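Bear in mind that the values here come from a model prediction, so they are computed numbers and not experimental data.
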Amino acid sequence: MILYPPERFDINEWFSLLSLVVLLTVAILLPKRFSLLSIVVYTVFTVFISQTVDSLIAVKPFDLYDVNDSSKYEVMDIVIYYFNYPPFTYIFLWLYDKWKLRGIYRNLYVIGFSFLSVFFEWLAQLCHVFTYKGWKLWYSPFVYIVIFILYIFVFHLTEHLLKSKK
């Protein structure tokens, strides 16, 4: 796989870097809550999910949107997939675990975080991080709901397996 430089360094790269700084800062400043192994699992799963979803809908045959300047895999795509999405997931799981959400509160949390993600995606789209070619922003909450449910499933599975090993 060839990794391309940005066609031009403009607002989408600045948005990605600013997001990176904000998300990493928040994630790092949160009190320690998970083991290093848990964090690695959540990070790998986040990268896997983001790459898989984009591989399914952002490339041919669907080709519904581009990430960054073109449909080519760019250096800034790595920043987004490997360094922006994982701290966002970490913050999501950190709050979920801290608040011990169950039942309707868990559902509302997933829906709320999905709409927060849509807002973040909308900002990213305004900054040309995403260029829609068939995708509609109103599709995104449904995708995020499924993804956040998967994150919660992986969280419970990981924590259960780690506790059973102790």
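Within a 6.0 Å sphere centred on NZ of Lys98, heavy atoms belonging to other residues, nucleotides or ligands number 12 at most. For Tyr139, the OH atom is densely surrounded, since the number of other residues' heavy atoms within 6.0 Å is greater than 12. For CZ of Phe120, the number of neighbouring non-hydrogen atoms (other residues, nucleotides, ligands) closer than 6.0 Å is greater than 12. At most 12 non-hydrogen atoms from other residues, nucleotides or ligands lie less than 6.0 angstrom from CZ of Phe62.
When side chains are defined from C-beta on, Trp99 does not count as touching Tyr105, because their heavy atoms never get closer than 4.5 Å.
Residue Thr89 holds its OG1 atom at 11.0 Å from CG of Leu150, rounded to the nearest 0.5 Å. Interatomic distance, OH of Tyr109 versus CZ of Arg102, reported as 12.5 Å (0.5 Å rounding). A distance of 14.0 Å separates CZ of Phe45 from CZ of Phe155, quoted to the nearest 0.5 Å.
Val47 and Val44 fall into different hydrophobic clusters, where Ile, Leu, Val, Met, Phe, Trp and Tyr are joined by side-chain heavy atoms under 4.5 Å apart, directly or via other members. Residues Tyr96 and Leu29 are members of separate hydrophobic clusters, defined by side-chain heavy-atom contacts under 4.5 angstrom among Ile, Leu, Val, Met, Phe, Trp and Tyr. A continuous path of hydrophobic side-chain contacts links Leu116 to Phe142 [ILVMFWY only; heavy atoms under 4.5 Å]. The hydrophobic clustering, which links ILVMFWY residues whose side-chain heavy atoms are closer than 4.5 Å, places Phe9 and Tyr4 apart. The same ILVMFWY cluster, assembled from side-chain heavy atoms under 4.5 Å apart, contains both Leu56 and Leu64.
The backbone N or O of Phe48 sits nowhere less than 3.5 Å from a side-chain atom of Gln51 that would complete a donor-acceptor pair. No donor-acceptor distance shorter than 3.5 angstrom exists from the side chain of Asp63 to the backbone of Lys133, with no hydrogens or angles considered.
Taking both residues in full, the closest heavy atoms of Asn68 and Thr131 are given as O-OG1, 4.2 Å, listed atom of the first, atom of the second, then distance. In terms of heavy atoms, Tyr42 sits closest to Leu93 at CG-CD1, 3.7 Å. Residues Pro31 and Trp94 come closest through the heavy atom pair O-NE1, 2.8 Å. The two residues Pro5 and Val75 have their closest heavy-atom pair at CA-CG2, 4.3 Å. Of all heavy-atom pairs spanning Asp77 and Lys72, the tightest one is OD2-O, 3.5 Å. Between Glu13 and Asp69, the shortest heavy-atom distance links the atoms OE2-OD2, 3.1 Å.
In this structure, Phe34 has its ring center closer than 6.0 angstrom to the ring center of Tyr90.
Using the six-membered ring where Trp is involved, Tyr132 and Phe130 have ring planes that are parallel, under 30° apart on the 30 and 60° scheme.
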*Could you check Phe88 against Phe92 for ring-ring contact (aromatic ring centres under 6.0 Å, His included), going step by step and ending with a plain yes or no?*
CA-CA 6 Å; Phe88 193 78; Phe92 169 79; 8.0 Å; no
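A side-chain donor-acceptor contact under 3.5 Å links Tyr144 and Glu121. In the model, Asp54 has a side-chain atom that pairs as donor or acceptor with a side-chain atom of Tyr81 under 3.5 Å.
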